[in-house]
> 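Pasting in a structure now, in structure tokens, and then I'll have a few things to ask.
In what follows, residues are counted from 1 in the order of the sequence shown.
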Amino acid sequence: KSGHSVALISGSGNGSSPVCHIIDSNDQQALLVEGTDTTDDKGVGVYIYHNDASPSTSNRSFLIFQANDAGGNKTTYSQIRGGIDVNTDTSEGGNLQFYTSQAGTLTEQMRIDDAGNVGIGTTSPASMLHVSGGNANQLRLTAGNTAWDVRMCLDAMNANREWEVGADNTTFNIANT
């Protein structure tokens with residue numbers, strides 16, 4: 001019936017096992033979510049809802065990517081989390097956190113905060129792109145082909161304030177272009 005759930009699985013679970021577990025040993029695609037409504041190009045959505053009685057900025061929802069390791073143990077290799085930056089009614093703000101496993105430990109690698117700032121190597125990006133790291137290179141630009149130059153344009157959206165930093169096979173250049 002339109003506007004109503006076609007299937008509903010409800011249960012309290014035990015805190016460590018899923019309420020719904022789909023196993024398909026013959027296919028590589030165990031779950032397909034498909035929508036065919038083209039009215040206003042709505043598309044189709046998958047909703048992950050954390051319904052906590054006491055919402056706080058520590059609440060989050062997540063997708064976990066697992067596979068077996070060489071010893072046959074189920075291992076989490078990466079995770080995408082949706083978190084809360086601001087949970088004030090009518091002023092809500094969220095973030096996306098991207099984790100990967102490093103030497104067996106899940107580590108946050110990148111975050112997009114509620115202001116749209118992207119942080120790589122930092123959990124609190126202070127600008128549109130904030131890259132933070134140890135002693136290694138934080139940013140590397142590589143030409144796609146040896147015949148091409150590598151260039152980065154710094155554009156202040158003013159005809160007289162555009163700078164180009166770049167290198168070719170023999171020369172490093174900084175120029176007001």
> Test of understanding: with side-chain hydrogen bond (donor to acceptor under 3.5 Å, both in side chains), list the residues that count as partners of T100, not counting sequence neighbours.
Q109
> Could you walk me through whether F62 and I48 pass side chain to side chain contact (heavy atoms under 4.5 Å, CB included), step by step?
CA-CA 8 Å; F62 43 89; I48 301 173; over 6 Å; no
> How long is the straight-line distance from NE2 of H50 back to CG of N59, given to the nearest 0.5 Å?
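If I round to the nearest 0.5 Å, the distance is 4.5 Å.
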> Any heavy-atom pair between the side chains of N73 and N68 that's under 4.5 Å?
no
> Have T105 and T107 got a donor and an acceptor in their side chains that come within less than 3.5 Å?
no
> Rounded to the nearest 0.5 Å, how far does OG of S127 lie from CG of N117?
6.0 Å
> For a quick test of reading the model, state the closest non-hydrogen atom pair linking S61 to Y49 and the distance between them.
OG-C, 4.3 Å
> Out of curiosity, does M152 fall in the hydrophobic cluster containing L129 (side-chain heavy atoms, cut-off under 4.5 Å, transitive links)?
no
> Nearest 0.5 angstrom please: I64 CD1 to K74 NZ, how far?
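Going from the CD1 atom of I64 to the NZ atom of K74 covers 9.0 Å.
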> Please table the atom pairs, donor to acceptor, closer than 3.5 Å between any side-chain atom in residues 81-88 and protein atoms at least two apart or in another chain.
| unit_1 | atom_1 | unit_2 | atom_2 | d |
| --- | --- | --- | --- | --- |
| R81 | NE | Q79 | OE1 | 2.3 |
| R81 | NH1 | Y99 | OH | 3.0 |
| R81 | NH2 | Q79 | OE1 | 3.0 |
| D85 | OD1 | N95 | ND2 | 2.8 |
| D85 | OD2 | D114 | N | 2.9 |
| N87 | ND2 | P55 | O | 3.1 |

> Does any non-hydrogen side-chain atom of F65 lie less than 4.5 Å from one of I80?
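When only atoms from C-beta onward are counted, F65 and I80 do touch, with a gap below 4.5 Å.
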> Hey, are T76 and Q66 close enough side-chain-wise for a donor-acceptor pair under 3.5 Å?
yes
> For the CE atom of M110 and the OG1 atom of T122, what is their distance to the nearest 0.5 Å?
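Rounded to the nearest 0.5 Å, the CE-OG1 separation comes to 13.0 Å.
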> Mind checking whether I112 and F98 have side chains closer than 4.5 Å, heavy atoms only?
yes
> Nearest 0.5 Å, please: how far is CD in Q97 from CG in D113?
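Rounded to the nearest 0.5 Å, the CG-CD separation comes to 10.5 Å.
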